Amino acid sequence: MKVTNDMIANQFNELADLLEIDGANPFRIRAYRTAARNIGSLGKPVEEMIKQGQDLTDIPGIGSDLAQKIQEIVKTGRLALLKGTATKFPKQLTELMKLSGLGPKRVKMLHDKLGIKSLAQLKKAIAKGELKKLRGFGETLIAKVQEAVEHREEYKKTTKLTDTELTADQLLAHLKASKAIKDVAVAGSFRRRKEVVGDLDILVSATNAKNAIEQFIKFPLVKTVTARGTTRAAVRLASGLQVDLRVVPKKSFGAALLYFTGSKAHNIALRRRAVEKHLKLNEYGLFEGKSSIAGATEKQVYRALGLPYIEPELREDRGEIEIALHKNLPKLIELDDIRGDLHTHTSETDGTESLEAMAKAAASLGYEYVAITDHSKHLTVTNGLNEKRLRKQIEAIDRLNLRLKGITVLKSIELDILEDGTLDLDDSVLKELDLTVCSIHSRFNLPEKKQTERIIRAMDNRYFNILAHPTGRLVNLRPAYQVDIERIMKAAVERGCYLEINGQPERLDLDDIHCQMAKDLGLKLAISTDAHSSTHFAYMKYGIYQARRGFLEKADVINTRTLSQLRKLLKR
DNA sequence: GCCGTTTTCGGCCCGACTGTTTTCAGTCG
């Protein structure tokens, strides 16, 4: 059986949960969680590393013990220790820890005193009023737990970044309307531009914290207030989204923004660095003894820690601090660096607007070029183009280019990669195009080796330029198909092909980890929107976010080039 | 259980809020 990094990470996390309930050494628990996180975001399958004889202790947070445990999981599929510990406490108990208000101590008490082992048993015990007998369980807490049990599935899911943007904008406008509030920022995973966010974290500086919190709670979409203190409050919106507010004085805004932006792992790494320098970092500032030496801006705090400013997208504790120390931080790509979109559709297939409308919309964004990439004939549900219709479109584009000023429309197509690795239109028409975008739209369930070789065979065709949405995943909806993405990237480098970062919010494919992998392999990428209407051109920014999270710079992306430079890159 | 520009042993980030408690443990981020 194939053992994925996620499977290993899950087992470590599960073990950490059980150890926590057991009251084990908290630092041992943290070691498991750190290991789980680092394995989960590794990009390269650990199974492969073992096969190639690589040293697993090179992975941060993995020592000799955990390296051995990883070996064990890869070999047997399962960690024996997890089985041993799991018999002491039933596995389902870890589910209870996910409920708001229940941590390891209370879950242990539920188990030891009431024999509760599952969500269903907990529900029953609440109904019978058994929880009241327990020390520390008052009326309010029981009500909170009951609420959590009932709404678990509704609340636990994450929200796509794009779905929170409108709420964030409305909330910011609402907060800025208050005279008490000075600075406002959305922090958290939203600011780090993660593809999904669990909640919104809002930070404000205010002359009067009480007024600021009152204004926050008055936001019209608030359904319930779940916490309310003198500097902090939390609400649940009607949509189910949780929003946290933190109020700090202006002189602490930078330190608080740093703290509230996270990630947690990045914060811990920074605080550790502060401790090494005999300083203390918290959300109010960086302190030497009692006196604050930085705090108004993030830049100040980083500088006082001997570091350059680190962009929010990089703050995942994936080596950015080490890289910053060596002054090797990338100058991350920006939206303005993009000169054109290389993946768009028209009403000839499944888009909603005409060729001319799409071209003009691209021109209005200041783009130098735009590629029209309608679907090809194999994708019949979209009325895909056959050779004849594609030739007609080529002629139409030639005519359009004579009329348009300031932008060049590139003749292209989104080809289907068939199961045998051939492309579904004849070379005789492909040679008339400026570029091709190629993708998988069928047979998602092939075994990894077959799927990988299918794609690489397609790349052998000299007219193959860009592999679109390379893993086929849909955020929160569908996992990637089984494919050896590293092998595909290497094959692309050898053949002069490129991979795409698809900016559609439900795709974001390649993801951040794969972007970083591409960069490490020297593979350049295209960032495209896969626009099916002119409004979709705006998805470019989501592609940029992924690219930034993957450490990409302008030079790593082909559609930052001028048209003539791009043409050279596309020549095979 | 990891890790080392003081260290192979002894550290390991830090504070707010809640609810229940009579001074703080548990949870959360």
Side-chain angles (χ1 to χ4, degrees), chain A residues 12 15-16 19-21 23-38 56-70 79 81 96-110 131-132 134-145 148 187-190 192 197-203 209 213 225-235 242-248 252 255-256 258-287 305-306 317 321-322 325:
Chain A
F12 282 170
L15 182 56
L19 287 171
E20 216 172 356
I21 295 171
N25 176 356
F27 299 107
R28 185 176 166 218
I29 295 163
R30 183 192 294 171
Y32 277 106
R33 295 209 193 281
T34 303
R37 194 172 47 78
N38 289 346
L56 297 180
T57 62
D58 288 345
I59 303 168
I62 305 296
S64 62
D65 182 275
L66 284 180
Q68 212 171 346
K69 288 191 168 75
I70 293 170
L79 195 57
L81 180 62
L96 302 187
M97 273 199 11
K98 292 180 185 142
L99 299 174
S100 175
L102 291 187
K105 300 286 162 56
R106 287 173 186 154
V107 167
K108 183 174 193 312
M109 194 185 281
L110 289 172
L131 268 61
K132 285 180 206 151
L134 299 179
R135 187 184 165 78
F137 281 82
E139 218 169 287
T140 319
L141 179 60
I142 293 172
K144 188 176 174 183
V145 172
S189 49
F190 183 94
R192 301 200 312 279
V197 300
D199 58 12
L200 280 182
D201 302 297
I202 313 278
L203 179 69
I213 285 178
V225 177
T226 52
R228 181 179 188 167
T230 54
T231 67
R232 176 170 219 167
V235 299
Q242 169 149 336
V243 186
D244 295 342
L245 179 83
R246 186 72 189 263
V247 189
V248 295
S252 299
L258 192 58
Y259 156 75
F260 228 17
T261 297
S263 67
K264 190 174 172 167
H266 181 82
N267 285 345
I268 289 174
L270 285 185
R271 286 173 181 195
R272 198 182 300 132
R273 185 162 169 81
V275 170
E276 281 166 15
K277 291 177 165 294
H278 305 288
L279 303 171
K280 186 176 75 169
L281 176 63
N282 59 28
E283 57 264 54
Y284 297 108
L286 183 64
F287 295 88
L305 289 172
D317 194 25
I321 291 173
E322 187 69 12
L325 276 172

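A, B, ... follow the sequence lines: proteins, then strands. Residue 1 opens every chain. Just so we're clear, the structure is a prediction, and the values are computed from it rather than from any experiment.
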- Query: Judged by atom type as modelled, is there a donor-acceptor pair below 3.5 Å linking the side chain of A/Thr226 to the main-chain atoms of A/Ala234?
  - Reply: yes

**Request:** Write out all pairs satisfying side chain to side chain donor-acceptor pair (under 3.5 Å) with one or both partners inside residues 260-272 of chain A, taking only residues at least two apart or from two chains.
**Result:**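 Non-adjacent pairs meeting side chain to side chain donor-acceptor pair (under 3.5 Å): A/Arg191-A/Thr261, A/His266-A/Tyr302, A/His266-A/Glu320.
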
So the side chain to side chain donor-acceptor pair (under 3.5 Å) pairs with at least one residue in residues 275-284 of chain A (sequence neighbours excluded) are A/Arg246-A/Glu283, A/Arg246-A/Tyr284

Every protein N/O within reach of nucleotides 24-29 of chain B N/O, cut-off under 3.5 Å:
from, atom 1, to, atom 2, distance (Å)
B/dT27, OP1, A/Gly103, N, 2.6
B/dT27, OP1, A/Gly103, O, 3.1
B/dT27, OP1, A/Arg106, N, 3.1
B/dT27, OP2, A/Lys105, N, 3.3
B/dT27, O5', A/Gly103, N, 3.4
B/dC28, OP1, A/Gly101, N, 2.6
B/dG29, N2, A/Tyr259, OH, 3.3

How many Å lie between [atom1] on [X] and [atom2] on [N], as a whole number?
X        : N      : atom1 : atom2 : value
A/Ile321 : B/dC13 : CD1   : P     : 13 Å
A/Asp317 : B/dC3  : CG    : P     : 12 Å
A/His278 : B/dC13 : NE2   : C1'   : 16 Å
A/Asp65  : B/dC3  : CG    : C1'   : 14 Å
A/Leu141 : B/dC17 : CG    : P     : 18 Å
A/Arg273 : B/dG4  : CZ    : C1'   : 15 Å

- Spacing of the P atoms in B/dC13 and B/dC17 (rounded, Å):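 That atom pair is separated by 22 Å.
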
Any idea if B/dT7 is syn or anti, going by the 90°-from-0 cut?
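It is syn.
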
Output for pair (A/Thr34 OG1, A/Ile268 CD1), nearest 0.5 Å, gives 7.0 Å

- Query: Measuring from A/Gln68:CD to A/Ile62:CD1, what's the distance to the nearest 0.5 Å?
  - Reply: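 Rounded to the nearest 0.5 Å, the CD-CD1 separation comes out at 12.5 Å.
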
Result for 5'-nearest mapping on DNA chain B, choosing between A/Ile29 and A/Glu276, is A/Ile29

task: Please tell me which of A/Gly229 and A/Pro60 maps to the more 5' nucleotide of DNA chain B, matching each residue to the nucleotide holding its nearest heavy atom.
output: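 Its nucleotide being nearer the 5' end, the pick is A/Pro60.
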
Applying salt bridge (charged side-chain N to carboxylate O under 4.0 Å, His left out) to A/Asp317 and not counting sequence neighbours gives A/Arg37

Taking a pair to mean Watson-Crick or G-U wobble geometry with both distances below 3.5 Å, B/dG26 pairs with B/dC17

Closest of B/dC14, B/dT6, B/dG19 to the A/Asn282 side chain is B/dC14

Select base, sugar-phosphate, or nothing to describe what [X] touches, counting heavy atoms under 4.0 Å on all strands.
X        : result
A/Leu281 : sugar-phosphate
A/Ile62  : sugar-phosphate
A/Lys108 : nothing
A/Thr34  : nothing
A/Asn267 : nothing

query = Which residues pass the side chain to side chain donor-acceptor pair (under 3.5 Å) test with A/Asp244, sequence neighbours left out?
reply =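 If we apply the side chain to side chain donor-acceptor pair (under 3.5 Å) test to A/Asp244, skipping adjacent residues, the hits are A/Gln242.
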
Any side-chain heavy-atom pair from [X] and [Y] closer than 4.5 angstrom?
X        : Y        : answer
A/Leu110 : A/Leu131 : yes
A/Phe12  : A/Ile70  : yes
A/Val248 : A/Leu203 : yes

Which atom pairs link the protein and nucleotides 8-12 of chain B when you take only N or O atoms and keep those under 3.5 Å?
none

